[in-house]
Amino acid sequence: MSQLKVPKGTRDILGREIHLWRRIEETVYSVAQLFGYQEIRTPIFESTELFARGVGEGTDIVQKEMYTFLDKGGRSLTLRPEGTAPVMRAYLEQGFAVHEPRVKWFYLGPMFRYERPQAGRMRQFHQFGFEAIGFESPACDAEIILIAWTIYEELGLKRLSLEINSLGCNHCKPGYIEALKNFFRDRSEELCSNCKDRLERNPLRILDCKVETCQTVLRSTAFPNLQDFLCEDCKKHQAELLQTLTALGIPFVINPHLVRGLDYYTRTAFEVKTGELGAQDAVGGGGRYDNLSQALGGQRVPGVGFAAGMERIVLLLQKEETETSSERSGVYLAPLGKEGERYLLVLSRVLLQHGIPFYTDFADKTLKYHLKRAQKMGIRWVVILGEEEIQKSVFLLKDMISGEQISLSQEGLLKKLQEEISGAENTYLR
RNA sequence: GUGAGCGUGGCUCAACGGUCAGAGCACUGGACUGUGGCUCCAGGGGUUGGGGGUUCGAAUCCCCUCGCUCACCCCA
């Protein structure tokens, strides 16, 4: 009988690490609130068709990375591999297009992709994302980037770089793809096998191929540059976005080879990268998706958004994190014997009413055990209650730092604890 | 899906093919019968990932399998 283990590419998150997750989540919530974005929670699984149509049939995600299954009713369902398509689905399904066409939403939660796990890449991973739907203005693209930037900054992440590009729109994208195909008409032999395939299925993706032979082709002077094919509107959109970013003081580099893996992107595409995570260097990315709603069968609705990978941020925080104190606030209740347990449980109700955090250990062990345990947990104040105290109707309060201890009545104990422990203070991590 | 490296107590790691597979940390108990940290002593905990093979003898060598890690691919 072999030990049961978590499925490949998944893991338990607990212990010290959980504080990091909480910190990220709290930052996301507070920045969202400051920018006026509302939370949306969509299902963990959706109909397979949503992703096939929304993310794109030709993408790697749809072709090989989805957790797809049939339910007992024979419906094809898929664990969500990303968050934007479901959000747009909800927007259309709930009729926002007609009754409230402009919304600003954010989400937070697990995503699933069937891939070989490696550093910073899991089969179940977590993203938070922000979506602004119904806005055409490049200023909105800039706001999305500003939100991302604010969150990274708020978390204290350094040395991140922002890469940005424009993928064109329905007017100019086809022209560029045509030019690409023309260019390769007699040079396709120079491409790697993967890219030969892409030439038909997803030609833009050739741009970010890392194979050396493809790179050589990409660097040739005759190679069509995406930026040269942008129509006037797209050029203007990009120029305004870049101008705004400059005004905001957000540094960026234009990467004409940045194309994102999902079909729905138009115009703005961007990626936030770090140099500290090995091969999986993108900590967030996003862009404009003016074609998505129509791909899902809705009317044309513009949108722009981004998503960030939480485990990658956790990895970065762990690298930067210096020693953190694990001191807990509150009081350790140390009962000696059954009677002590009962009395302390009653006391805990009183503490509750005063907002004093407590931890009661029901191990039914010696005082030595309790003191060791409180020590290990980093709790300063210990209330000891055994036969002696019960007889005298007192509580023995011990200060683990000074070693001093005093007998107190319940009122005296409460007074002292309230002085020493400011209830609201949460010292679990700074 | 492809390639490489690695699987030994809860954790980190020892053990030239040769007695009962060890140590540190952690845990439990004692020295200290109701007083923590430091120290000392003792104890529990392993089918050496699983299966097969070679051998008088396998944690060690070979094959298969599973898992982990890293990279490719792709992305967050």
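Proteins come first, then strands; the chains are lettered A, B, ... in the order of their sequence lines, and each starts at number 1.
One atom, CD1 of A:I144, and another, P of B:A76, lie 15 Å apart when rounded to the nearest Å. Look at CD on A:E311: it is 18 Å from P on B:C75, rounded to the nearest Å. Atom C1' of nucleotide B:C75 and atom NZ of A:K64 are separated by 11 Å, given to the nearest angstrom.
The residues A:E163 and A:K273 are annotated as salt-bridged, a charged nitrogen and a carboxylate oxygen being separated by less than 4.0 angstrom. Ion pairing of A:K415 with A:E411 is absent here, as no side-chain N (NZ or NE/NH1/NH2) approaches a carboxylate O to less than 4.0 Å. Salt bridge status for A:R159 with A:E276: present, with a side-chain N to carboxylate O gap under 4.0 Å. With respect to the salt-bridge test (charged N to carboxylate O, under 4.0 angstrom), the residues A:K338 and A:E341 qualify.
Nucleotides B:C20 and B:A58 place their P atoms 11 Å apart, quoted to the nearest Å. Only the P atoms considered, B:C40 is 9 Å distant from B:C25, to the nearest whole Å. The separation of B:C72 from B:C13, taken at their P atoms, amounts to 24 Å, rounded to a whole angstrom.
The A:E388 side chain lies nearest to B:G34 when the options are B:A76, B:C72, B:G34. In this structure, of B:G36, B:A76, B:C27, it is B:C27 that holds the atom nearest to the side chain of A:K376. Considering only the side chain of A:Y369, B:U28 comes nearest among B:A76, B:U28, B:C72.
In terms of phosphate contacts, A:K365 brings no side-chain nitrogen or oxygen within less than 4.0 Å of OP1 or OP2 of B:G34. Residue A:K368 places no side-chain N or O under 4.0 Å from the OP1 or OP2 atom of B:U33.
With sequence neighbours excluded, no residue satisfies ring-ring contact (aromatic ring centres under 6.0 Å, His included) with A:F69.
When ring centroids are compared, A:Y265 and A:Y289 stay outside the 6.0 Å threshold. Aromatic pair A:F45/A:Y67: ring centres not closer than 6.0 Å. In summary, the aromatic rings of A:F96 and A:W105 are positioned with their centroids under 6.0 Å apart.
Residue contacts shown for A:G386 include a base, since a base heavy atom lies under 4.0 Å away.
Partner of A:K104 under the salt bridge (charged side-chain N to carboxylate O under 4.0 Å, His left out) criterion, out of A:E39, A:E131, A:E143: A:E143 alone.
Comparing A:A282 and A:I384 by the nucleotide of RNA chain B whose heavy atom lies nearest to each, the residue mapping closer to the 5' end is A:I384. Where A:L277 and A:K8 meet RNA chain B, the nucleotide closest to each residue was compared, and A:K8 sits on the side nearer the 5' end.
Residues from residues 106-132 of chain A placing a heavy atom under 4.0 Å of any atom in RNA chain B, listed by number, are A:R113, A:E115, A:R116, A:Q118, A:A119, A:G120, A:R121, A:M122, A:F125, A:Q127.
For RNA chain B, runs of at least 3 consecutive pairs of the Watson-Crick or G-U wobble type, with both hydrogen-bonding distances under 3.5 angstrom, map to B:1-7 with B:66-72, B:10-13 with B:22-25, B:27-31 with B:39-43, B:49-53 with B:61-65.
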